[in-house]
Amino acid sequence: MPVIFTEEKFGQAEKTELDAHLDNLLTRAESSKHWTEKILKQTEVLLQPNPNVRIEEFLYEKLDKKVPTRMNNHELLGQSMIDSGNEFGPGTAYGNALIKCGETEKQIGGAEREFIQSSAINFLTPFRNFLEGDFKTILKERKLLQNKRLDLDAAKTKLKKAKMADARALAEQDLKLTQSEFDRQAEITRLLLEGISSTHAHHLHCLNDFVEAQMTYYAQCYQYMVDLQKQLGSFPSAFSSNNNQSTASAAASVSVPILPLSAPLPATTTNASSGFTELQNFSGSRKARVLYDYDAAGSNELSLLADEVIMVSSVPGMDSDWLMGERGNQKGKVPITYLELLN
């Protein structure tokens with residue numbers, strides 16, 4: 001084999017060219033491998049920015065051991081807020097606000113954990129499986145094809161150099177055999193490379209799952225913060241200080257901005273927003289599809305299941321972020337951010 005390679009390298013052997021289709025398939029496979037690696041790496045950085053933690057998780061995965069559960073940054077912040085709120089006193093306005101903020105931060109931390117787990121299973125794992133499985137098989141068969149091509153080149157050169165009839169007959173027989181082996185390996189490699197199209201289709205499905213997981217995560221965070229903002233907005237606008245400073249400097253104004261109704265949820269379109277506004281300004285009811293599961297926080301609310309269809313209507317005096325929902329004989333308040341109005 002080294003002699004064959006040397007002959008081709010110095011131009012002494014005829015080089016067999018791959019057909020254009022197979023050559024294009026090889027180029028597409030390399031491109032798929034390059035971008036899959038890049039997307040995989042950047043997604044891992046997005047889900048876990050700390051490189052030390054990523055290395056630790058990688059080692060646990062290789063050792064087939066469970067990664068120890070640790071609190072994420074939102075949960076750590078939330079716990080600090082709750083602890084400080086209890087220290088200052090839940091009965092004080094500041095202590096109560098800290099506790100409520102801490103509980104919300106822990107809710108966001110839980111949503112983040114679910115998002116990361118979902119993305120790891122439905123997005124990262126299929127990409128990693130392609131790189132560590134299918135593409136390694138392609139590399140193996142491509143290397144075999146290169147070896148068969150070198151054998152074929154050597155056989156062609158041997159036939160050209162044969163002068164005697166017996167030598168030419170043997171060389172022709174050898175060329176026929178090596179050509180057959182090369183064609184067979186080229187077909188195996190081609191079939192594997194054409195499977196990249198199926199891989200792209202599967203990765204497209206995984207990409208949709210990843211986008212849906214992101215949408216759900218951001219929608220949950222949005223709803224948590226809207227609910228928290230309402231709770232903080234009910235607190236007094238100013239608190240008296242117990243220190244010995246002047247009365248003018250003792251009053252600290254606490255202003256909590258209220259998000260306008262037009263503030264959009266990432267999944268909410270302009271048409272949907274205008275539909276809710278129209279429904280709230282006029283009497284009547286509309287059908288609505290539920291976007292996400294929702295657990296009622298009180299007896300006056302209605303629990304929801306994703307993809308179910310309910311009737312919704314506006315009730316005078318009700319908060320603009322809520323509608324009255326009906327499902328059969330069940331009735332209760334539902335958040336509009338969890339709904340999509342139907343025509």
Side-chain angles (χ1 to χ4, degrees), residues 1-44 47 58 61-62 64 118-162 168-213:
M1 192 64 66
V3 174
I4 298 173
F5 178 76
T6 303
E7 286 183 349
E8 180 181 307
K9 182 176 180 180
F10 288 98
Q12 298 177 11
E14 180 181 347
K15 181 178 180 180
T16 302
E17 299 291 342
L18 301 176
D19 67 77
H21 177 59
L22 184 57
D23 202 35
N24 289 335
L25 289 176
L26 286 168
T27 301
R28 187 178 68 156
E30 284 294 338
S31 178
S32 298
K33 180 244 187 185
H34 168 75
W35 289 110
T36 299
E37 285 180 333
K38 196 171 185 67
I39 292 172
L40 178 65
K41 179 180 178 180
Q42 292 303 318
T43 305
E44 289 175 337
L47 298 179
F58 173 78
E61 181 181 346
K62 289 301 180 182
D64 198 22
S118 173
S119 299
I121 295 172
N122 299 322
F123 190 63
L124 294 182
T125 298
F127 274 49
R128 194 176 289 113
N129 287 344
F130 165 70
L131 294 172
E132 297 178 356
D134 293 349
F135 193 77
K136 283 189 175 181
T137 302
I138 289 174
L139 289 179
K140 176 184 175 182
E141 297 301 329
R142 187 181 68 179
K143 185 175 181 180
L144 287 175
L145 179 63
Q146 291 172 342
N147 292 336
K148 296 296 182 183
R149 182 177 67 80
L150 292 175
D151 291 343
L152 180 58
D153 294 345
K156 290 177 180 179
T157 302
K158 182 179 179 181
L159 178 61
K160 283 184 177 182
K161 292 181 177 180
R168 288 190 61 82
L170 289 174
E172 288 174 353
Q173 185 178 359
D174 185 45
L175 176 61
K176 183 177 181 181
L177 177 61
T178 53
Q179 181 71 60
S180 175
E181 291 178 349
F182 172 79
D183 291 342
R184 178 177 177 277
Q185 186 59 38
E187 180 65 14
I188 292 173
T189 306
R190 181 186 65 80
L191 291 174
L192 285 172
L193 292 170
E194 288 178 345
I196 293 288
S197 296
S198 298
T199 298
H200 286 182
H202 178 51
H203 286 181
L204 173 59
H205 178 74
C206 297
L207 183 61
N208 286 329
D209 289 342
F210 179 61
V211 171
E212 184 176 348

Interatomic distance, CZ@F210 vs NE2@H205, rounded to 0.5 Å, equals 14.5 Å
Q.
Strictly distance-based, threshold 3.5 Å: is any side-chain N or O of D174 a donor or acceptor partner for the main-chain N or O of L170?
A. no
ring-ring contact (aromatic ring centres under 6.0 Å, His included) filter on F127, not counting sequence neighbours, yields F123, H203
* **Note, T36 side chain near F135 side chain (heavy atom, < 4.5 Å)** => no
Taken in chain and number order and not counting sequence neighbours, the residues that satisfy side chain to side chain donor-acceptor pair (under 3.5 Å) with T199 are none
Q: Could you please spell out the steps behind the side chain to side chain contact (heavy atoms under 4.5 Å, CB included) verdict for K15 and R149?
A: CA-CA 8 Å; K15 181 178 180 180; R149 182 177 67 80; 3.1 Å; yes
Contacts of K158 meeting salt bridge (Lys or Arg N to Asp or Glu O under 4.0 Å) (sequence neighbours excluded), chain-then-number -> none
Original post:
Is there a donor-acceptor pair under 3.5 Å between the side chain of S180 and the backbone N or O of K176?
Top reply: no
### Message
For a 4.5 angstrom cut-off between non-hydrogen side-chain atoms, does K148 reach T178?
### Response
no
* Asked: Stepwise, does the side chain to side chain contact (heavy atoms under 4.5 Å, CB included) test hold for L40 with L124?
  -> CA-CA 6 Å; L40 178 65; L124 294 182; 3.5 Å; yes
Contacts of D183 meeting side-chain contact (heavy atoms from CB on, under 4.5 Å) (sequence neighbours excluded), chain-then-number -> Q179
In this structure, CD1 of I39 is separated from NE2 of H34 (nearest 0.5 Å) by 9.5 Å
Sequence neighbours excluded, the answer for side chain to side chain donor-acceptor pair (under 3.5 Å) partners of R142 is E30
CG of L204 to CG of D209, rounded to nearest 0.5 Å, is 10.0 Å
Closest non-hydrogen contact found for L22 with L18 is CD2-CD2, 4.0 Å
In this structure, CD of Q185 is separated from CD of E181 (nearest 0.5 Å) by 9.5 Å
Closest heavy-atom pair, T125 versus A120, reported as atoms and distance to 0.1 Å, is OG1-O, 2.7 Å
Smallest heavy-atom separation, T189 atom then E141 atom, equals OG1-O, 3.5 Å
dist L26:CG -> L193:CG (nearest 0.5 Å) comes out at 5.0 Å
Greater than 12 external heavy atoms within 6.0 Å of Q173's CD
no
Residues passing the side-chain contact (heavy atoms from CB on, under 4.5 Å) test with E194, sequence neighbours excluded, are H21, L25, R190, L191
I'd like to know if K136 pairs up with E132 as an ion pair, taking the criterion as any Lys NZ or Arg NE/NH1/NH2 lying under 4.0 Å from an Asp or Glu carboxylate oxygen. no
Applying side-chain contact (heavy atoms from CB on, under 4.5 Å) to E172 and not counting sequence neighbours gives L159, R168
Contacts of S32 meeting side chain to side chain donor-acceptor pair (under 3.5 Å) (sequence neighbours excluded), chain-then-number -> H200
NE2 (H202) and CG (N129) are apart, to the nearest 0.5 Å, by 7.5 Å
I'd like to know whether T16 forms a side chain to side chain contact (heavy atoms under 4.5 Å, CB included) with L150, so could you lay out the CA-CA distance, the side-chain angles of the two residues, the decisive distance to 0.1 Å, and finally the verdict. CA-CA 8 Å; T16 302; L150 292 175; over 6 Å; no
Side chain to side chain donor-acceptor pair (under 3.5 Å) filter on S197, not counting sequence neighbours, yields R28
Contacts of R184 meeting side-chain contact (heavy atoms from CB on, under 4.5 Å) (sequence neighbours excluded), chain-then-number -> I188
